[in-house]
Amino acid sequence: TLFRSALRDADRIIAVSAWTRDRVLDLGGIEPKNVTILPNTIDEAQFTIGPKSDALRARYGIRPDEKVVLTVARLDHRERYKGYDRIIEALPGVQQRCGPVRFLIVGTGDDHSRVAALARERGMESSVSFAGFVPAGSLVDHYRLADVFAMPSTGEGFGIVFLESMACGTPVIAGNRDGSVDALDGGRLGVLIEPMNIDAISNAICSLLEEKGD
């Protein structure tokens with residue numbers, strides 16, 4: 001294809017993670033020395049630690065006793081690898097162990113109806129809130145509102161949302177199969193889990209919630 005030809009003819013290719021670099025090299029015909037890793041970054045002046053927004057808690061009807069797990073991702077059928085549905089699968093176990101927990105999803109897309117139906121099927125309809133599209137300027141308050149940010153992805157090139165969340169003081173959970181590993185510096189900055197394992201997702205969320213409660 002034209003895309004592959006362009007990559008093979010390039011003198012320098014910039015990859016945002018080791019996982020992305022490996023995928024590029026798997027195409028074949030590309031010299032490893034031509035592929036350099038340059039991780040993504042964020043505006044540290046925009047994403048900062050701050051108080052939780054009472055207005056947002058009121059908007060989503062989050063009770064004082066409810067903890068908040070957040071995912072920021074496009075709800076697109078082509079991006080189900082981000083794992084938001086697996087968090088819904090894990091939610092009953094999380095609530096059984098940790099008490100009331102609200103799962104807040106920021107993002108829009110054609111997968112919304114399927115995800116909403118899954119929440120109903122699992123009896124979690126009242127525990128899953130869809131924020132829809134959130135302007136960049138309001139994202140900070142959503143990160144601050146959360147007690148845990150979780151996105152157990154299997155195909156993330158990097159995951160800027162992890163950096164944004166951590167910069168706002170919210171601990172993160174990510175999958176250990178993709179570029180999320182680079183974003184979390186191999187697990188030094190957050191919790192890496194097997195992203196397809198529902199029990200692993202549940203245990204990681206509860207561990208962070210319990211840690212924050214100590």
Q) Within a strict 4.5 Å, meaning less than it, do heavy atoms of the Thr20 and Ser17 side chains meet? A) yes
Q: I would like to know whether Val35 and Ile30 meet side-chain contact (heavy atoms from CB on, under 4.5 Å); could you show each step before the answer?
A: CA-CA 8 Å; Val35 187; Ile30 299 171; 3.8 Å; yes
Q. Heavy-atom distance under 4.5 Å between the side chains of Ile49 and Arg144, does that happen here?
A. no
Q: Flag yes if Trp19 and Ile13 sit in one hydrophobic cluster, no otherwise; membership is Ile, Leu, Val, Met, Phe, Trp, Tyr, and two members link when side-chain heavy atoms are under 4.5 Å apart.
A: no
Q.
Once rounded to the nearest 0.5 Å, what's the spacing between atom CG of Leu163 and atom OH of Tyr143?
A. 9.0 Å
Q) Does the side chain of Glu164 come within less than 4.5 Å of Gln46's, by heavy atoms? A) no
Q. Do Glu79 side-chain atoms and Arg74 backbone N/O form a donor-acceptor pair below 3.5 Å?
A. no
Q | Side chain proximity check, Ile198 to Arg86, heavy atoms < 4.5 angstrom | A | yes
Q: Decide yes or no on side-chain contact (heavy atoms from CB on, under 4.5 Å) for Leu118 and Glu121, but give the supporting numbers first.
A: CA-CA 5 Å; Leu118 176 62; Glu121 291 167 6; 4.0 Å; yes
Q) Considering all heavy atoms of both residues, which atom of Ile42 and which atom of Ala167 are nearest to each other, and what is their separation? A) CD1-CB, 3.7 Å
Q | Close side-chain approach of Pro195 to Asn176, heavy-atom, < 4.5 Å | A | yes
**Q.** Shortest non-hydrogen separation from Leu192 to Gly186 and the atoms involved
**A.** CD1-C, 3.5 Å
Q: Could you go through the side-chain contact (heavy atoms from CB on, under 4.5 Å) check for Arg122 and Leu91 one step at a time?
A: CA-CA 9 Å; Arg122 297 296 181 268; Leu91 201 52; over 6 Å; no
Q. Has the side chain of Asn197 got a donor or acceptor atom that lies under 3.5 Å from a matching backbone atom of Ala200?
A. yes
Q. Of the non-hydrogen atoms in Ala119 and Val128, which two are nearest, and what is the gap between them?
A. CB-CG2, 4.0 Å
Q. According to the salt bridge (Lys or Arg N to Asp or Glu O under 4.0 Å) rule, which pairs have a member within residues 97-115, sequence neighbours left out?
A. Glu66-Arg102, Arg80-Asp111, Asp85-Arg114, Arg97-Glu210, Asp111-Arg114
Q: Find the distance between CD1 (Ile37) and CD1 (Ile14) and round it off to the nearest 0.5 Å.
A: 10.0 Å
Q: List for me each residue that meets ring pair (Phe, Tyr, Trp, His ring centres under 6.0 Å) alongside Tyr60, sequence neighbours excluded, and say none if there are none.
A: His142
Q) Same cluster or not: are Val24 and Phe158 linked, directly or through other Ile, Leu, Val, Met, Phe, Trp or Tyr residues, by side-chain heavy atoms under 4.5 angstrom apart? A) no
Q) Heavy-atom count around Arg12 CZ within 6.0 Å, excluding the residue itself: above 12? A) yes
Q: Group every Ile, Leu, Val, Met, Phe, Trp and Tyr by side-chain heavy-atom contacts under 4.5 Å, then state whether Met124 and Val148 land in the same group.
A: yes
Q: Could you tell me whether the side chain of Tyr81 reaches within less than 4.5 Å of the side chain of Glu156, counting heavy atoms only?
A: yes
**Q.** Heavy-atom donor-acceptor pair, Asp147 side chain to Leu209 backbone, under 3.5 Å
**A.** no
**Q.** Phe130 and His112 aromatic ring geometry - parallel, tilted or perpendicular at 30°/60° bounds
**A.** tilted
Q.
Show the nearest heavy-atom pair for residues Phe47 and Val140, with the distance to one decimal.
A. CD2-CG2, 3.7 Å
Q | Same apolar cluster: Phe103 and Ile193, side chain cutoff 4.5 Å | A | yes
Q.
So which atom in Ser202 and which in Gly93 form the shortest heavy-atom distance, rounded to 0.1 Å?
A. OG-C, 3.7 Å
**Q.** Euclidean distance, Ile160 CD1 relative to Ser165 OG, rounded to 0.5 Å
**A.** 13.5 Å
Q: For residues Leu208 and Pro171, report the shortest heavy-atom separation together with the two atoms involved.
A: CD1-CB, 4.0 Å
Q: Determine yes or no for a side-chain-to-main-chain donor-acceptor pair under 3.5 angstrom, with Arg177 supplying the side chain and Glu194 the backbone.
A: no
Q. For the hydrophobic clusters of this structure (ILVMFWY residues joined by side-chain heavy atoms under 4.5 Å, transitively), does one cluster hold both Phe162 and Ile87?
A. no
Q: First locate atom SG of Cys206, then atom NZ of Lys67, and finally report the distance between them rounded to the nearest 0.5 Å.
A: 12.0 Å
Q.
Within the 4.5 Å heavy-atom criterion, are Tyr84 and Val115 side-chain neighbours or not?
A. yes
Q: To the nearest 0.5 angstrom, please state how far the CG atom of Leu56 sits from the OG atom of Ser129.
A: 11.5 Å
(Q) Return the CD1 to CD1 distance between Ile173 and Ile201, rounded to the nearest 0.5 Å. (A) 8.5 Å
Q) Can you check whether Ala150's main-chain N or O pairs, donor with acceptor, with Thr71's side chain at less than 3.5 Å? A) yes
Q. Sub-3.5 Å donor-acceptor pair from the side chain of Lys52 to the main-chain atoms of Leu145, do we have one?
A. yes
Q. So, do Leu184 and Val172 sit near enough that their side-chain heavy atoms are less than 4.5 Å apart?
A. yes
